[in-house]
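Structure first, commentary second.
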Amino acid sequence: MALDLVVESEEKEDSAAHERREIPDPQYIAESLPELFEIYEERNDWIARMRRHVNGENKIQHPEDTPYTIMKVHMMSLRAALNERLARFLPIPRYRITPPGWSDPAQAYASSLERSINELMYWIRRWNDDYGRCIRDVLTFEGGAMRWEPNTKAAWPRLMVDVDGEDDITRAVKREEDDDDEKIVKKKANAREKYKQSLGNDSLNKLFTHTYVPYEAFYIFPDSGAPTEMIEIEFRPVRKIIDNELFSLEARNKLRELMVEGKVNLRAVAPIVRYCNCELYAYYLIPEVFTPAKDTSLLNQMTNRYKQVPPQEMQLLYSYEHDAGMPLYTNYTGSEGGWNAGPNESLIGKLRALEELNTARDNLASQEYTNIRNLMWPKMVTYQNMDRPAQPMADNDPRKINTHAGGNINLFTGEDIKPMIQNLENPLLRGFKADVVEGLSKLTGAPGLFGMHQAGVEGGFQEATLLQQADSVFARTE
């Protein structure tokens, strides 16, 4: 009985692995979209709200109709805190390799591998700030994503293997009379290495396609403990999709029909759903056309359209097996557990506090700015005698109050002229401002911005870390 259960479980695992390698049906992807949009709706709402605050686009409360001039100013507190925190990260991260043992050869191997990987990553990432943009997202709303795809054909085009198992470089290697199979293998390997070296380090920039993914367009299937299934929503110009011969002809013909019907202009884009699991990567086309608008994003247009009803006639564009054993996406999870399973009440509470404090600081600054503006360039209020004639004939007529700069002001007995805004200090303002700034510094983790020392910001943190590392090295050597 126990043997039967073991055999049955192995068969189930084999069948499950086989199913995972099968390309998901377009209908399955289409029906998953409304549910994913619903699960991550609150996340995307908070992402949009925090982006507005960081970019200084949040609304400032003010009276609509006043006799004085309203001045609005964004203090950009969250942007300043973000810049200060970003300064703690290297523009290109450095990788550390743990030695496989304590022997000298093991440590030499780890050091060589570490130098090679860091050099490779420098040439791959030097023209693309994908890492910096992901970190910026993590520091803003506690989540970021990046896509990695192999692109060997673009880096080394002559190393693409044909059906016969040879490429352009190995096919050109000539066999001498005294060459055995082992020598031929070495010659071909050396020829491939020389070809790679001849293209230089610039070719490494094409070896991987590493792309920043907006986190609001990144959806993880929340039905497993580890992120093994995910999709990304991408928008491409319709003409580029039609011209891409790698994509399915049937799917491209769907877009051609829309062009014939006159529904496609130069700015028209179509959504592509990128699906990825631990073995497969696939592109799906939604044969609908969207046009960029000022008041809403393309993603909002799409989610609003398919929030209740899944898209129809979704087409498979292209798929391949990557066999990486893990998804081709890096999901950067921030504090409070991130957004992997949809809404996170603890994380939302933190973002809500940041939003309220940032809004309060902008409102206070705008009120102070308005006060200073109207004190320095005041609007005057005149207190006139009821017997004053209503229609003075000229500016120099003593019956008219002239308030032009540099001019004389003639007043009758009992009349007065005063600025509308009085210079009166509010005793509660200074303490409230200090509380707001302190709350922002604690929540953003950037008190160095407001004059307080913090680890990594003029604080001796680096020195203490180096000493600790040195002690560890000495201990291992002993």
Side-chain angles (χ1 to χ4, degrees), residues 40 43-44 46-57 76-97 114 117-149 204-205 208-220 227 230 232-234 274 276 297 299 326-340 344 346-348 350-351 353-355 358 440-450 454-459 461-462 465:
Y40 291 98
R43 179 202 70 173
N44 286 0
W46 276 104
I47 289 175
R49 289 163 69 168
M50 296 309 295
R51 286 195 194 279
R52 285 195 294 268
H53 278 269
V54 169
N55 296 331
E57 299 173 352
M76 308 299 289
S77 303
L78 293 185
R79 167 67 74 175
L82 175 63
N83 290 345
E84 194 263 352
R85 296 171 71 192
L86 277 173
R88 305 176 193 175
F89 291 86
L90 295 171
I92 299 177
R94 296 191 62 82
Y95 294 82
R96 303 294 185 189
I97 306 299
E114 184 176 300
I117 290 178
N118 285 317
E119 181 71 12
L120 174 67
M121 297 310 298
Y122 166 76
W123 286 99
I124 287 178
R125 278 180 153 153
R126 64 182 185 138
W127 299 120
N128 192 350
D129 190 27
D130 57 321
Y131 174 74
R133 296 173 73 183
C134 285
I135 295 301
R136 189 178 295 112
D137 283 357
V138 174
L139 297 179
T140 303
F141 41 77
E142 309 298 341
M146 183 173 62
R147 180 177 70 247
W148 291 83
E149 289 183 277
L204 298 178
N205 190 39
F208 292 95
T209 300
H210 49 103
T211 308
Y212 159 78
V213 178
Y215 207 53
E216 56 267 41
F218 181 66
Y219 299 85
I220 298 176
M230 53 201 63
E232 174 197 348
I233 307 296
E234 177 195 0
R274 292 169 169 260
C276 182
S297 66
L299 187 62
M326 59 185 295
L328 300 182
Y329 287 86
T330 302
N331 178 33
Y332 293 87
T333 301
S335 63
E336 310 290 345
W339 301 95
N340 288 348
N344 184 331
S346 178
L347 178 55
I348 290 173
K350 174 185 174 181
L351 298 182
L354 283 172
E355 182 185 51
N358 189 67
L440 277 171
S441 66
K442 289 179 178 179
L443 282 171
T444 59
L449 187 68
F450 306 107
Q454 162 143 335
V457 185
E458 301 178 358
F461 174 73
Q462 294 89 346
T465 302

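Across all non-hydrogen atoms, the minimal contact from Met50 to Leu78 is CE-CD1, 3.8 Å. A pairwise comparison of heavy atoms in Pro327 and Pro227 identifies CG-O, 3.3 Å as the closest pair. Nearest heavy atoms, Glu216 versus Arg43: O-NH2, 3.5 Å. Considering all non-hydrogen atoms of both residues, Cys134 and Ala145 come closest at SG-O, 3.0 Å.
Rounded to the nearest 0.5 angstrom, Ile135 CD1 and Leu139 CG are separated by 6.5 Å. Expressed to the nearest 0.5 Å, how far CG of Leu351 lies from CD1 of Ile47 amounts to 9.5 Å. Atom CG of Asn331 is separated from atom CD1 of Ile220 by 4.0 Å, given to the nearest 0.5 angstrom. The line from CG of Leu354 to CH2 of Trp46 is 9.0 Å long, rounded to the nearest 0.5 Å. Annotation: the span from Met146 atom CE to Leu328 atom CG amounts to 11.5 Å, rounded to 0.5 Å. Interatomic distance, Arg133 CZ to Thr211 OG1, rounded to the nearest 0.5 Å: 9.5 Å.
Classification of the Tyr215-Phe141 ring pair by plane angle, with boundaries at 30° and 60°, yields parallel.
The closest donor-acceptor contact from the side chain of Asn118 to the backbone of Tyr95 lies under 3.5 Å. In this structure, the side chain of Asn55 engages the main chain of Arg51 through a donor-acceptor pair within 3.5 Å. No donor-acceptor pair under 3.5 Å is formed between the side chain of Glu232 and the backbone N or O of Arg274. Of the possible polar contacts, one joining the Asn344 side chain to the Gly338 backbone as a donor-acceptor pair under 3.5 Å is found.
The side-chain heavy atoms of Asp137 and Tyr332, taken from C-beta on, include no pair separated by under 4.5 Å.
For Arg136, there are no salt bridge (Lys or Arg N to Asp or Glu O under 4.0 Å) partners, not counting sequence neighbours.
In this structure, Arg147 fails the cation-pi test against Phe218, since its NZ or CZ atom is not both closer than 6.0 Å to the six-membered ring centre and inside 45 degrees of the ring normal.
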